[in-house]
Amino acid sequence: MSRPECPKQMLALTAEETMLQLTARRATGERFAAPIVVANARHADMIDEQLNAVEAGAQAVILEPMGRNTAPAIALAAIAAGGGPTPLLIMPSDHVIADVDAFHAAIHAAMPLVAEGWLVTFGIEPDAPETGYGWIQVGEKIAEGVHRVVRFVEKPPLDKAEAMLAAGDHAWNGGIFLFRADMYLGALASFAPDMLVAAQRSMDKARHDGSRVYPDADAFAASPADSIDYAVMEKAQRVAVVPVAMGWSDLGSWDALYTLSADADGHAHAGHGGGEVVAIDTTNCLVRSDGVRIAIVGVEDLIVVASGNDVLILPRGRSQEVRKLIEAMKDKP
């Protein structure tokens with residue numbers, strides 16, 4: 001269902017609102033300024049429409065001329081925010097956070113350290129030896145609810161993940177950050193100066209159209225492509241983590257959506273956009289349609305998804321293998 005013209009961020013998967021709308025609504029109110037969105041130019045109209053629909057219109061929509069990973073994208077946002085001591089809350093717009101109050105409490109706990117110039121990340125309390133996430137080793141307590149980061153661990157093999165879970169001093173790296181704009185840009189100046197120069201030049205030469213910002217393509221193309229973890233967080237000295245249990249998921253698979261959506265009877269059936277689901281004597285299935293009617297009888301532990309002309313059927317527990325299907329379909333006319 002997530003396609004180049006309408007990626008996962010723009011879809012309504014866990015609620016009536018889209019992932020982008022839910023993300024924006026987590027950061028509304030008197031403590032938050034209007035959001036800055038960094039995105040692909042082809043989604044500009046969709047972004048404006050979706051954010052305005054939930055009264056969370058952006059102060060700036062920065063439309064990247066090409067992807068350069070998260071570190072340069074965040075640099076564009078930090079420059080757009082003025083490059084000063086303004087705190088920036090960096091949120092991927094396709095994550096689930098079920099307990100927003102816990103998230104806000106974690107932000108509040110981090111703010112005194114942020115004001116002092118620390119770079120803060122939020123560590124997700126782990127409940128499984130996940131090999132698909134990066135991990136953070138949580139060190140000494142430096143303020144109430146805030147700890148020094150000992151190290152970042154890349155996606156580990158299963159035995160290492162099991163050991164970190166058992167040790168109890170590690171958290172998942174959810175990719176959510178909080179820091180002052182000037183501290184982030186200063187870290188780039190130290191650790192990735194070519195990236196900072198490219199981002200600054202692209203914004204200096206940017207074209208503006210209302211709230212839309214089009215960084216100069218040639219200047220931005222000169223930036224190295226790197227993640228914030230590699231470019232900054234793993235190298236900086238004053239890096240802190242706030243461990244938090246907030247019902248977080250990166251919603252990386254249909255199995256993850258089933259876990260979030262299933263009711264007490266194990267059902268996760270949904271019709272969207274005129275789709276209809278008829279299920280009889282069916283248990284522990286995720287069934288979803290955005291158009292055609294799906295009728296299923298007497299089955300269990302299946303994922304069935306109809307989107308346009310495509311129908312996906314697979315056992316629960318194997319939804320990561322959708323990638324194999326997508327690769328196979330690329331070879332078809």
Side-chain angles (χ1 to χ4, degrees), residues 23-24 26-29 31-33 35-36 38 69-93 95 97 99-126 133-154 164 169-192 195-196 226-248 250:
T23 304
R26 271 173 220 136
T28 55
R31 293 174 58 192
F32 298 97
I36 296 171
V38 184
N69 213 321
T70 53
I74 295 167
L76 298 178
I79 293 165
T86 303
L88 299 180
L89 175 64
I90 310 298
M91 297 183 291
S93 57
H95 288 184
I97 295 178
D99 190 343
V100 176
D101 288 342
F103 182 39
H104 285 182
I107 293 168
H108 182 73
M111 283 300 290
L113 274 295
V114 170
E116 294 174 13
W118 286 72
L119 308 176
V120 176
T121 186
F122 296 89
I124 310 304
E125 186 173 293
Y133 301 149
W135 292 62
I136 301 165
Q137 186 174 2
V138 179
E140 65 178 304
K141 180 178 175 181
I142 50 178
E144 190 60 41
V146 188
H147 297 253
R148 186 181 293 274
V149 169
V150 176
R151 62 180 179 130
F152 289 88
V153 181
E154 293 310 307
M164 289 189 293
D169 63 343
H170 286 75
W172 293 336
N173 183 356
I176 303 171
F177 306 96
L178 182 62
F179 39 64
R180 286 168 37 172
D182 54 359
M183 292 296 108
Y184 179 72
L185 296 175
L188 283 184
S190 297
F191 306 121
M195 187 181 294
L196 177 61
D226 210 349
S227 71
I228 180 177
D229 294 298
Y230 281 129
V232 172
M233 302 301 284
E234 294 181 7
K235 297 173 182 174
Q237 292 299 308
R238 295 206 298 169
V239 179
V241 58
V242 181
V244 57
M246 56 184 179
W248 174 91
D250 68 349

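Because the structure is predicted, anything quoted here is derived from the model rather than measured.
A donor and an acceptor atom, one from each side chain of Asp250 and Tyr133, are located under 3.5 Å apart.
His170 places none of its side-chain heavy atoms less than 4.5 Å from the side chain of Pro126. Looking at heavy atoms from C-beta onward, Val149 lies out of side-chain contact with Met233 at the 4.5 angstrom threshold. In this structure, the side chains of Phe179 and Ile228 come closer than 4.5 Å at one or more pairs of heavy atoms. The shortest side-chain heavy-atom distance between Trp118 and Val146 does not fall under the 4.5 Å cut-off. At a threshold of 4.5 Å between non-hydrogen side-chain atoms, the residues Val232 and Met195 do not count as touching.
The backbone N or O of Glu116 sits less than 3.5 Å from a side-chain atom of Arg238, completing a donor-acceptor pair. The backbone N or O of Thr23 sits nowhere less than 3.5 Å from a side-chain atom of Ser93 that would complete a donor-acceptor pair. Without hydrogens or angle criteria, Tyr184 side chain to Leu119 main chain gives no donor-acceptor distance under 3.5 Å. Without hydrogens or angle criteria, Thr121 side chain to Leu178 main chain gives no donor-acceptor distance under 3.5 Å. Of the possible donor and acceptor atoms, none in the side chain of His147 sits under 3.5 Å from a partner among the backbone N and O of Val241. Between the side chain of Arg180 and the main chain of Ala115, a donor-acceptor pair closer than 3.5 Å is present.
Separating the OG1 atom in Thr70 from the CG atom in Asp229 is a distance of 6.5 Å, to the nearest 0.5 Å. The line from CE of Met246 to CD of Glu125 is 11.0 Å long, rounded to the nearest 0.5 Å. Between the CD1 atom in Ile36 and the CG atom in Leu89 there is a gap of 11.5 Å [rounded to 0.5 Å]. Note that CZ of Arg148 is 9.5 Å distant from CG of Leu113, once rounded to the nearest 0.5 Å. In this structure, CD1 on Ile97 lies 4.5 Å from CZ on Phe103, to the nearest 0.5 angstrom.
Ring geometry for Trp135 versus Trp172: interplanar angle over 60°, hence perpendicular rather than tilted (30 to 60°). Below 30°, between 30° and 60°, or above 60°: for Phe32 and His104 the angle between ring planes is between 30° and 60°, a tilted geometry.
Annotation for Phe152: atom CZ counts as buried by contact number, over 12 foreign heavy atoms lying within 6.0 Å.
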